Amino acid sequence: MVSAAGLGDATPSATGPAVSANNLNSNNNNNNKSDAPTWAEYLAYRKAARTRNRIFTFVGSPAAFVTSSLYVAATYQFDPTVPIFGIEAAMVVGAGALSLGAVAATATPLTLDALWRAATSKTIQRMEPKEKELFRRVLRHRADASLAGPGLALFDYYGTSITSFAAYRNWLRKQRKIKEKGTFGEVASIDL
């Protein structure tokens, strides 16, 4: 039996040998240590993933845009005196280069993220339970979207800014403020 204090004192039981909370926890920790990360590990992973995605977006996208645009502009040969679809050829080629650049800039972060997920699938599977638990907490504590309006914007509806315990507490505070303003702001703004 475990003592009422929960400190792991072992007391004999009438049905069997003494069992302490420390023994139970150590057995469970040994079995699940490689499977379940701590919240600190999970939040550090989430912060690294957010930084990685920003790098993929803000470095990869412009690089892909410039590279693909320059490739089309440098390799496509056209006669500038012959119109394409009734439009100057240089305008059509330029629009094509910019379009390809926009597609490349959009696809680059998605592709790099997919490659990263494939390369680190074991880590992602290990973090999955904490991801689900965090999303359940976000669903439970976030402000209702119907409260949003011109005077009240929603803050981080999906909790993407949560990368540490301090960020989580800040997110909770902002959600509470949104709920208060959305609920009491309408009543307070009525002139009697």
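Not measured: the values here are computed from a predicted model.
- When hydrophobic clusters are built by joining Ile, Leu, Val, Met, Phe, Trp and Tyr residues whose side-chain heavy atoms come closer than 4.5 Å, directly or via intermediates, L115 is not grouped with M127.
- With a 4.5 Å cut-off between side-chain heavy atoms of Ile, Leu, Val, Met, Phe, Trp and Tyr, the cluster of V59 takes in I55.
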Applying side chain to side chain contact (heavy atoms under 4.5 Å, CB included), run through L43 and F165 and close with a yes or a no. CA-CA 8 Å; L43 291 172; F165 293 114; 3.8 Å; yes
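- Residues L134 and W39 form a side-chain contact, since some pair of their non-hydrogen atoms from C-beta on lies under 4.5 Å apart.
- Considering only heavy atoms from C-beta on, I87 comes within 4.5 Å of V92 through its side chain.
- One finds the OH atom of Y42 at 8.5 Å from the CD1 atom of I162 (value rounded to the nearest 0.5 Å).
- Here the side chains of R46 and R50 are not in contact, with every heavy-atom distance at 4.5 Å or above.
- From D144, atom CG reaches atom CD of Q175 across 10.5 Å, with rounding to the nearest 0.5 Å.
- Aromatic ring orientation, Y168 versus W171: parallel (interplanar angle below 30°, classes split at 30° and 60°).
- Within a 6.0 Å radius of CD in E88, no more than 12 heavy atoms belonging to other residues, nucleotides or ligands are found.
- A distance-only check finds a donor-acceptor pair linking the side chain of E41 to the backbone of T38 [under 3.5 Å].
- Relative orientation of the W116 and F56 rings is perpendicular, given thresholds of 30° and 60° on the angle between their planes.
- There is no path of hydrophobic side-chain contacts, each under 4.5 Å, that joins F58 to L110.
- R142 is not listed as a side-chain neighbour of D156, based on a closest heavy-atom distance of 4.5 Å or more.
- Minimum interatomic distance between A89 and V82 (heavy atoms only, all atoms of both residues): CB-O, 3.5 Å.
- Under the 4.5 Å side-chain heavy-atom criterion for grouping Ile, Leu, Val, Met, Phe, Trp and Tyr, L98 is not connected to F85 through any hydrophobic cluster.
- Across all non-hydrogen atoms, the minimal contact from G101 to S68 is CA-OG, 3.0 Å.
- Atom CZ of residue F135 and atom CZ of residue R140 lie 12.5 Å apart, to the nearest 0.5 angstrom.
- Applying the side-chain hydrogen bond (donor to acceptor under 3.5 Å, both in side chains) criterion to R137, with sequence neighbours excluded, gives E133.
- K47 places none of its side-chain heavy atoms less than 4.5 Å from the side chain of S164.
- Residues A105 and S61 approach most closely at O-OG, 2.8 Å, considering heavy atoms.
- Under the 4.5 Å side-chain heavy-atom criterion for ILVMFWY residues, a single connected hydrophobic cluster contains both I84 and M91.
- You'll find the side chain of T108 stays beyond 4.5 Å of the side chain of F65, heavy atoms only.
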Working note: Y157 + I178, criterion side chain to side chain contact (heavy atoms under 4.5 Å, CB included); need CA distance, chi angles, decisive distance, verdict. CA-CA 11 Å; Y157 190 70; I178 291 170; over 6 Å; no
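- Cluster annotation: Y71 is not connected to V103 through the hydrophobic network of ILVMFWY side chains, with a link wherever side-chain heavy atoms come within less than 4.5 Å.
- Between D113 and R52 there is a salt bridge, with a side-chain nitrogen of the basic residue lying less than 4.0 Å from a carboxylate oxygen of the acidic one.
- Taking the charged nitrogens against the carboxylate oxygens, R126 and E131 have no contact shorter than 4.0 Å, which rules out a salt bridge.
- When the side chain to side chain contact (heavy atoms under 4.5 Å, CB included) test is applied to L70, the partners found at least two apart in sequence or on another chain are V66.
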